[in-house]
Engineer: 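Have a look at the structure that comes next, please.
What you see is a predicted model; the values in this text were computed from it and never measured. By convention in this document, chain letters (A, B, ...) are assigned in the order of the sequence lines, proteins followed by strands, and residues within each chain are numbered from 1. When reading the values below, keep in mind they use all heavy atoms of this one structure, side chains included, and skip hydrogens, waters and symmetry mates.
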2 protein chains.
Amino acid sequence: MAETLAPTALTLKDIAREAGVSLATVDRVLHNRPGVRPDTVRRVKDAIARNSFQPHVAAAELARGRARRFAFVMPSGPNPFMQQIEAYLGEMAAWLSARRLNVEMIATDVFEPAALAASLEALSGDYDGLAVVALDHPSVRAAINDLVDAGTKVVTLVSDVPSSRRHHYVGIDNIAAGRTAGALVGRLVGQRSGKVAIVAGSQGLRDHAERIFGFNQVMGSEFPDLSVLPVLEGRDDDGRSEQLLARLLGKHPDIVGLYNVGAGTQGVAKALNDKALNEKTSGAAGRDKQVVFVGHDVTALTRRLLLQGVMDAAISQNPGHEARAAVRVLLALARGEPILSEQEKIRIDIVMRDNLP
Amino acid sequence: MAETLAPTALTLKDIAREAGVSLATVDRVLHNRPGVRPDTVRRVKDAIARNSFQPHVAAAELARGRARRFAFVMPSGPNPFMQQIEAYLGEMAAWLSARRLNVEMIATDVFEPAALAASLEALSGDYDGLAVVALDHPSVRAAINDLVDAGTKVVTLVSDVPSSRRHHYVGIDNIAAGRTAGALVGRLVGQRSGKVAIVAGSQGLRDHAERIFGFNQVMGSEFPDLSVLPVLEGRDDDGRSEQLLARLLGKHPDIVGLYNVGAGTQGVAKALNDKALNEKTSGAAGRDKQVVFVGHDVTALTRRLLLQGVMDAAISQNPGHEARAAVRVLLALARGEPILSEQEKIRIDIVMRDNLP
DNA sequence: CATGAAATGAGTTGCGTACCTCAAAACACC
DNA sequence: GGTGTTTTGAGGTACGCAACTCATTTCATG
């Protein structure tokens with residue numbers, strides 16, 4: 001009836017006795033320090049495994065004395081997503097402080113490979129762990145690998161560098177996110193047929209390109225009645241996005257769906273609203289005529305648009321979860337603890353009006 | 001550029017010096033022990049606040065010595081949701097063990113108020129914290145309040161007892177979940193009009209009743225073209241659900257949407273499949289004729305149904321997150337740490353084929 | 001001012017680990 | 001058998017706090 005899941009109460013001393021060695025030797029094995037014969041190592045590890053011994057994290061943490069230093073390397077400039085990350089770290093302040101963790105924010109030009117690589121190289125040795133919003137480029141990859149070799153724990157955030165030897169990626173699968181957006185647009189458009197527009201920041205950004213890829217995949221295979229128009233590159237800028245989209249909406253009156261891949265949401269919404277206003281004065285209206293609008297991320301703006309019904313769904317990747325997951329993963333890596341992969345996995349949230357967080 | 005979020009490195013000794021008292025007094029204040037004059041208490045608390053001092057959790061944990069005991073009180077009988085909770089706790093075994101946390105599972109008849117209340121009363125004093133899947137009933141409420149008064153930390157799981165003095169609720173807002181289901185059915189049905197069916201376990205269950213309430217709310221206010229049929233009570237049983245639904249589908253050929261509130265999914269899917277087969281042989285087919293099917297929870301079964309396209313969306317409440325959140329909340333409560341409410345909040349996940357976790 | 005109660009100080013011990021030093025033992029090699 | 005090297009043992013200190021004891025001071029009250 002009452003099954004105990006974690007009964008351990010052994011200490012290093014018990015393991016030492018079990019293995020027939022001294023405490024010092026167990027310590028050497030536990031921390032991969034040199035000066036222990038291979039078969040002695042095995043004896044100790046066996047004893048540890050046999051008793052499924054877990055070092056007491058509190059004791060380990062206390063004994064090491066020094067605080068740990070982590071840093072988030074993020075894009076400079078006003079970026080709502082990054083501001084949210086910072087805000088969530090602020091909410092964790094007491095939690096961090098109670099564990100003697102120092103977390104800093106470092107702003108850098110993430111979109112300039114050379115600058116980013118240089119920034120990263122400069123941090124070597126200063127931190128126990130880094131969470132990096134990086135772009136996938138050979139020089140960045142090299143910088144990350146150097147950090148890893150120097151013993152720094154490295155986690156990529158939001159945008160991965162899979163070719164590097166980073167320890168972990170905290171973020172979503174962007175192809176799946178694009179597929180999800182495609183399925184939503186297709187299903188919410190319903191029986192209507194027509195054209196679908198895509199507004200992205202730039203197709204050069206890895207995450208945007210992947211989302212578009214996934215989106216087109218679904219549209220092509222499952223919604224043959226909908227034809228996807230060429231991607232508009234709004235550069236995540238409101239003005240530019242609005243202008244491009246307004247022109248497109250004018251040219252194609254039969255646009256029934258819209259996927260906004262990145263930022264520039266304000267401009268996209270403006271263009272859509274203007275179109276809706278025009279149609280209202282000219283007679284046509286109603287939900288049947290409205291353009292299905294799917295975008296990314298829950299911000300103050302997208303929240304408002306969802307509530308107003310302008311936007312139909314937002315694909316979200318919970319920045320709070322990402323911030324906390326990055327810290328937890330770095331901490332687990334630094335301590336040599338296993339990572340709870342299920343916990344740290346970032347899910348693709350579909351947010352509609354009624355499940356707004 | 002590099003803003004430090006958590007610089008603390010003070011100790012109790014520093015606080016004692018700051019406040020002009022001894023270590024013992026600080027300790028008394030920190031643990032609400034008697035024997036300190038009110039103004040002395042204030043002086044100490046001021047010093048703590050002024051330096052935003054946080055006791056080192058590792059040191060505190062180490063010093064207290066005793067391991068903590070938590071228990072999950074859950075329904076007996078074969079219940080996939082509860083089995084998942086148990087599985088996720090198993091995945092945390094190393095994490096728990098490293099923190100000297102003992103977590104047990106206690107099965108009880110959750111649907112019998114008297115039995116549940118008696119079980120809870122019997123646990124008093126044995127555990128530092130309890131996570132309880134409870135139903136809202138006066139005797140259960142009283143039992144929970146007694147536990148709280150005795151110093152046990154109590155968290156309700158999945159199903160809340162808001163009238164009790166439980167410390168925290170780990171679960172979703174079921175009315176919002178119902179609303180979300182309603183919005184999904186309505187939007188996915190598209191331009192078609194017709195009838196919508198609801199299959200629930202029982203309207204007597206608080207969570208099911210709340211979901212139905214939210215569902216009807218949205219249907220009534222936003223989808224006037226859809227009329228909701230009376231709720232079928234399938235008692236979470238496959239056979240019964242299938243039988244009831246098959247009869248209903250036969251009687252109303254114009255059913256375009258279906259909301260399955262609880263379990264019995266296998267039966268519901270069977271009834272829908274049979275209907276689809278009939279229509280295929282008789283000519284009509286295609287997505288336009290299919291019944292939109294929205295249900296709850298991601299299990300092996302619903303996952304398969306989503307992939308096959310039989311089911312259109314599942315409202316999910318991530319049992320892994322719930323299990324981990326319950327443990328974290330109990331631990332934070334026991335330690336007197338603040339709870340990261342943003343982190344522990346259970347979100348209403350919309351799961352469709354392309355964002356299956 | 002005497003008395004007893006309340007408030008406070010001073011000190012100790014122990015939690016389980018990290019990290020260090022120094023000496024002793026085992027071993028390899030010529 | 002002697003040399004030098006590697007491996008191991010023994011022991012200590014420190015980390016920051018909880019929890020306790022016991023002595024001392026402060027205070028209110030008669």
Engineer: With a 4.0 Å cutoff (strictly under), does any side-chain N or O of A:Thr25 reach OP1 or OP2 of D:dG9?
Structural biologist: yes
Engineer: One character per nucleotide, please: for nucleotides 11-21 of chain C, 5' to 3', B when the base has a protein heavy atom closer than 4.0 Å, S when only the sugar-phosphate does, - otherwise.
Structural biologist: ---BBBBSB--
Engineer: Donor-acceptor check, side chain of A:His167 to backbone of A:Val154, threshold 3.5 angstrom: yes or no?
Structural biologist: yes
Engineer: Assess whether atom CZ of B:Arg42 is packed by more than 12 heavy atoms of other residues, nucleotides or ligands within 6.0 Å.
Structural biologist: no
Engineer: Can you check whether B:Arg33's main-chain N or O pairs, donor with acceptor, with B:His31's side chain at less than 3.5 Å?
Structural biologist: no
Engineer: Would the distance check show the side chain of A:Arg17 and the main-chain N or O of A:Lys13 forming a donor-acceptor pair, the cut-off being under 3.5 Å?
Structural biologist: no
Engineer: Would you kindly give the CZ-to-P distance between B:Arg17 and C:dA10, to the nearest whole Å?
Structural biologist: 14 Å
Engineer: Under a 3.5 Å distance rule, please check whether A:Asn102 uses its side chain to pair with a backbone N or O of A:Arg69 as donor and acceptor.
Structural biologist: no
Engineer: Could you point out which residue of A:Arg100, A:Arg66, A:Arg335 forms a salt bridge (charged side-chain N to carboxylate O under 4.0 Å, His left out) with A:Glu61?
Structural biologist: A:Arg335
Engineer: What is the distance, rounded to the nearest whole Å, between atom CG of B:Asp14 and atom C1' of D:dC17?
Structural biologist: 13 Å
Engineer: Which parts of residues 36-45 of chain A get close to DNA chain D, meaning a heavy atom less than 4.0 angstrom away?
Structural biologist: A:Val36, A:Arg37, A:Thr40
Engineer: Looking at side-chain heavy atoms only, is the closest gap between B:Leu30 and B:Ile48 below 4.5 Å?
Structural biologist: yes
Engineer: Would you check if the side chain of A:Tyr169 reaches a backbone N or O of A:Val158 as a donor-acceptor pair within less than 3.5 Å?
Structural biologist: yes
